[in-house]
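This report concerns only the one structure given below.
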Amino acid sequence: MIKVQNLKKSFGDNEVLKDINLSIEPQEVVVVIGPSGSGKSTLLRCINLLESITGGHILIEDKDITDKKNDINKMREEVGMVFQHFNLFPHKTVIENLMLAPTKVRKVSSVEARKKGMELLQKVGLEEKANAYPSSLSGGQKQRVAIARALAMEPKIMLFDEPTSALDPEVVGEVLEVMKQLAKEGMTMVVVTHEMGFAREVGDRVIFMDGGYIVEENEPKQLFESPQHERTQAFLSKIL
Amino acid sequence: MDFRFDIIVEYAPFLLKGTLLTIGLSIAGILIGTVFGLFIGLGKMLQNKLLAFPFTVYITFFRGTPLFVQILLVHFGVVPFLIGETNAIYAAIIALSLNSAAYIAEIFRAGIESIDKGQMEAARSLGMNHVQAMWHVILPQAFKRMIPPLGNEFIVLIKESSLAAVITAPEIMYWGRAMAGQYYKVWEPYLAAAVIYLILTISLSFLLNRLERRLKTE
């Protein structure tokens, strides 16, 4: 579903991703962990082309999204993204947040977009907040709306960039619950997170990144219980 | 000092006509200036430095030279060059618009750049193109932040339109000066003019405050 080949990314002289090779299968849930500055968020942002890449290729369903001939906007419609800081549109109500992209990009009628939006809000347990503005929601509610907003475009892949890092501890669970549900329904997901419990329970595969490389990848159980690489051991011993 | 209200009453119809022209000049200036300013502000924000350069020069020139000089240049230079003869009202509108466009361009740029870049990323990640994201997500939020500085610019414009008196555009100060010239009086004409400008600017800030409150979503 996603193939990353020899991906390189530099910010000026600073090479953040050095040589990333990665393949993600349909319906797979891949959790990316690693110390800060290891390049995990950048990797995710590259998959959505929010960062221009310096070298290598990214293929989504065999289409090379780094090829200038392909329409980036069309590609992005297939890939949903959830941000650490939610990035809801503050001037629009919750339901309008969900309706904006489908009506403007997909040209869905607003009646249909509203219906679909309400279904998604129900799914994340926030249908009663449809007409509220984002500023009146708690962090956990905001992130659930952000997930619903991404789902409104019916993406084939969902990327989560530290979705619970900006949340108060007591609301982390409600967001993870929505993500678990999504995984259970067979969504292909790439999740950058520090929630090791989630990685263990939901992840099909865990990738440990450090210094711009993928150091180690394995099934969660193996990776957490018997990490092969020294740097993985050092990282895990610090956080577990 | 005997204050002669009678000459103010005598000049009232002229001052009223002058007030209408002042309002007209200011509205024309802010409307044309806003359209121009958006265009120039977006131009200055272009990634390509070479393409952005003319817009930077424009802003530098119109912010860096006195409006008085610009009015004279437009009145005695630009308008005659364009239509063969000069016209004080056209000249005033053109000079005020060009001048306010430079300031409004910077207001737009600051407003747009003040929006968190996560907003653009979220919009793009949903498949919107740059123009859609600007139009539906960035500009509505930026506009709300631009109301106070835009209102400020509008108030400045109302006051600076008084400079059009020197090119004989018959606005408030033109009639004020005429009254001063006819009666050799100082306080009556200029205080009358000052009061009218105050009424205009206070009403405008009242309207802007209400607009700002109505657009608040938080």
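By convention in this document, chain letters (A, B, ...) are assigned in the order of the sequence lines, proteins followed by strands, and residues within each chain are numbered from 1.
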Checklist line | Interface residues of residues 30-64 of chain A facing chain B - non-hydrogen atoms under 4.5 Å apart | finding: R45(A), N48(A), L50(A)
Notebook entry, point to check: Using non-hydrogen atoms and a limit below 4.5 Å, what part of residues 70-89 of chain A faces chain B?
Noted result: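 Within residues 70-89 of chain A, the residues that come under 4.5 Å of chain B (heavy atoms only) are N73(A), R76(A), E77(A), V79(A), M81(A), F83(A), N87(A), L88(A), F89(A).
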Is the number of heavy atoms from other residues, nucleotides or ligands within 6.0 Å of [atom1] ([X]) greater than 12?
{"X": "F206(B)", "atom1": "CZ", "value": "no"}
{"X": "Y190(B)", "atom1": "OH", "value": "yes"}
{"X": "L50(B)", "atom1": "CG", "value": "no"}
{"X": "K3(A)", "atom1": "NZ", "value": "no"}
{"X": "F36(B)", "atom1": "CZ", "value": "no"}
{"X": "F53(B)", "atom1": "CZ", "value": "no"}

Checklist line | Nearest heavy atoms of V137(B) and H91(A), plus distance in Å | finding: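 V137(B) and H91(A) have their closest heavy atoms at O-CE1, 3.5 Å.
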Checklist line | Heavy-atom pair count under 4.5 Å with chain A, highest-scoring of M128(B), Q132(B), H130(B) | finding: M128(B)
Margin query: In the structure I gave you, are the side-chain heavy atoms of Q119(B) and P90(A) within less than 4.5 Å of one another anywhere?
Written below: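 In short, these two side chains touch, coming nearer than 4.5 Å.
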Next item on the list: Could you tell me which portion of A133(B) (side chain, backbone, both or neither) has an atom closer than 4.5 angstrom to a non-hydrogen atom of chain A?
Entry: neither
Next item on the list: Counting only heavy atoms closer than 4.5 Å, note whether N129(B) contacts chain A via side chain, backbone, both or neither.
Entry: both
